[in-house]
Amino acid sequence: MIRFILCVSALFALLHALPAHANDTVFDAPDGKAETLIIGSVTDLEHIEPLIQEFQRTNPTTEVVYRQMTSLDLYGAAAEACEERRFFADAVISSAIPEQVRLVNDGCSEPFRFALPPDLPDWASWRNELVGLTFEPAVIVYDREGLEPDEVPRNRFELVDLLRQTERFRGRIGTYDIESSGVGYIFAFEDAAQASTWGRLLESLGQNRAQLFCCSSDVIDGVRTGRLVLGYNVLGSYALARQQEDPRIGIIFPSDYTLALSRAALVSRHARNKRAANALIALALSDKGQELFSGPSRLFSSMSGPEMLGRIDTGDGPSAEAAAFRPIGLSPALLVGLDQAKRKAFLDQWRKSFRAGGGE
């Protein structure tokens, strides 16, 4: 009876320790478990699994637990654990880069125990505690069966013009729900700062009752099935990977400018396995890691990504080579968008535009 009570208590403690909305996938150690590495991340498993498999090839006695969450849930869980000085994950990898910068700024990370590559761009690291692993553009995706070739918008100006056909596109445009997606929020916030078309584009999305989604994959699925004609500010990495499987998906690198973010990684200050966390991140930045990211996952590397993307011809509008990439740098400047007053004002403008257009 005592043994039963202890087992139940242990199970309850384990379930209580698992963050809400987390989806854990366990990769058993090939040669028997001697240690465990826990990765907290937002990346869809299929895109990062090759990196995990390569890590276990050189670390065969390391069990890997991949803890996948949405960007804001991941940040909330990591920040809460940091504040309470308890363990959440050994490495945290997220495309919600402002939240990653905040974690570093709040003392939730520690310096890397390896040398960063000399060819790493300046914008892809901060304080030797946060490093960008990937190079992922924000693209426009569209249904090739829903638009004629001469209708495909090559930039934001043409997109605004196209969306004037509100009866045709009402309810059939998709984009991020920036209230629930950290990635969506930073893309929208950067658009507002850089695009002269932002006000008109936001109004057009509202008038067309654009559908809002948590994740790029959901928008791409909508385009792939024909439920959506077009998706705005979708992660190009996910779109390019899907396009290889389904040619119905069209991809545009906007010619006025194409934002690009780098999925950023840190080692938790309260990590239990700092050796393995550092080894994983170092692998991601190595030549082998760049090769893996540039393969079927299409995440591309923060170092070789722009060049490799320039070779891609999606068959839709401007090539990636002419995309005028604007990387979003890892720096304290990203914290401006997280200021409570600024965030509230920005979200109020967003809601107002969607309410005015009857959007959802």
Side-chain angles (χ1 to χ4, degrees), residues 5-29 33-43 45 48 51-52 55-56 59 61-114 125-133 180-183 214 263-284 330 332 334-335 338 340 343:
I5 293 173
L6 290 175
C7 289
V8 171
S9 298
L11 178 61
F12 178 80
L14 179 63
L15 293 173
H16 181 70
L18 185 65
H21 312 298
N23 181 22
D24 280 9
T25 302
V26 178
F27 293 84
D28 294 329
K33 184 176 74 170
E35 62 177 0
T36 298
L37 168 68
I38 297 183
I39 306 167
S41 180
V42 303
T43 307
L45 180 60
I48 203 168
L51 181 69
I52 294 174
F55 172 81
Q56 288 191 310
N59 296 267
T61 60
T62 305
E63 174 191 69
V64 175
V65 177
Y66 188 68
R67 180 162 292 165
Q68 186 177 347
M69 306 172 72
T70 65
S71 56
L72 295 186
D73 283 340
L74 177 67
Y75 167 70
E80 182 179 355
C82 176
E83 184 177 358
E84 297 175 358
R85 299 183 180 182
R86 60 176 171 80
F87 175 77
F88 162 67
D90 299 298
V92 179
I93 305 173
S94 178
S95 47
I97 51 180
E99 284 79 6
Q100 290 289 82
V101 170
R102 175 173 279 178
L103 286 174
V104 174
N105 192 62
D106 290 347
C108 302
S109 60
E110 68 163 41
F112 297 122
R113 299 180 182 182
F114 59 89
S125 66
W126 185 49
R127 271 181 28 178
N128 196 41
E129 295 185 34
L130 185 67
V131 63
L133 306 181
S180 63
S181 167
V183 180
C214 75
R263 210 167 287 254
L266 59 84
V267 176
S268 171
R269 182 179 180 182
H270 303 291
R272 293 174 181 163
N273 196 339
K274 296 182 180 182
R275 182 210 67 79
N278 277 274
L280 176 79
I281 297 171
L283 170 63
L330 303 179
L334 291 175
L335 298 177
L338 297 182
Q340 288 189 358
R343 180 179 173 85

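Values reported hereafter were calculated over all heavy atoms of this structure, with side chains retained and with hydrogens, waters and symmetry mates removed. It should be emphasised that the depicted structure is a prediction, and the values quoted were computed from it without experimental measurement.
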Could you tell me whether Glu35 and Arg272 have a side-chain N and a carboxylate O separated by less than 4.0 Å? no
Show the numbers, then the answer: is there a side-chain contact (heavy atoms from CB on, under 4.5 Å) between His270 and Phe88? CA-CA 8 Å; His270 303 291; Phe88 162 67; over 6 Å; no
Audit row: Asp28, Val26, side-chain contact (heavy atoms from CB on, under 4.5 Å) steps and yes/no: CA-CA 6 Å; Asp28 294 329; Val26 178; 3.7 Å; yes
[atom1] of [X] to [atom2] of [Y]: how many Å apart, nearest 0.5 Å?
| X | Y | atom1 | atom2 | result |
| --- | --- | --- | --- | --- |
| Tyr66 | Ile48 | OH | CD1 | 4.0 Å |
| Asp90 | Leu280 | CG | CG | 10.0 Å |
| Glu129 | Arg269 | CD | CZ | 9.5 Å |
| Thr62 | Phe27 | OG1 | CZ | 13.5 Å |
| Asp24 | Ile38 | CG | CD1 | 7.0 Å |
| Leu133 | Ser125 | CG | OG | 11.5 Å |

Could you give me the CA-CA distance, side-chain angles and deciding distance for Leu338 and Val101, then say whether side-chain contact (heavy atoms from CB on, under 4.5 Å) is met? CA-CA 10 Å; Leu338 297 182; Val101 170; over 6 Å; no
Has the side chain of [X] got a donor or acceptor atom that lies under 3.5 Å from a matching backbone atom of [Y]?
| X | Y | value |
| --- | --- | --- |
| Gln100 | Val92 | yes |
| Lys274 | Arg113 | no |
| Ser41 | Gln68 | no |

Quick check: do [X] and [Y] have side-chain heavy atoms less than 4.5 Å from each other?
| X | Y | answer |
| --- | --- | --- |
| Ser268 | Phe87 | no |
| Arg67 | Ile39 | no |
| Lys33 | Thr61 | no |
| Met69 | Asn23 | no |

Restricting to non-hydrogen atoms, name the atom on [X] and the atom on [Y] that form the minimum distance, rounded to 0.1 Å.
| X | Y | result |
| --- | --- | --- |
| Val104 | Arg127 | O-NH2, 3.2 Å |
| Arg343 | Leu72 | NH2-CD1, 4.4 Å |
| Cys108 | Leu266 | O-CD1, 4.5 Å |
| Leu335 | Pro98 | CD2-O, 3.9 Å |
| Leu334 | Leu330 | CD1-CA, 4.2 Å |
| Ala96 | Ser71 | CB-CB, 3.7 Å |

Does atom CD of Gln340 have more than 12 heavy-atom neighbours, drawn from other residues, nucleotides or ligands, at distances under 6.0 Å? no
Can you tell me if [X] and [Y] form a side-chain donor-acceptor pair at under 3.5 Å?
| X | Y | value |
| --- | --- | --- |
| Tyr75 | Ser94 | no |
| Asn59 | Arg275 | yes |
| Arg263 | Thr43 | yes |

Verdict with reasoning, Thr36 to Glu63, per side chain to side chain donor-acceptor pair (under 3.5 Å): CA-CA 5 Å; Thr36 298; Glu63 174 191 69; 2.9 Å; yes
Could you go step by step and tell me if Val65 and Leu37 meet the side-chain contact (heavy atoms from CB on, under 4.5 Å) rule? CA-CA 6 Å; Val65 177; Leu37 168 68; over 6 Å; no
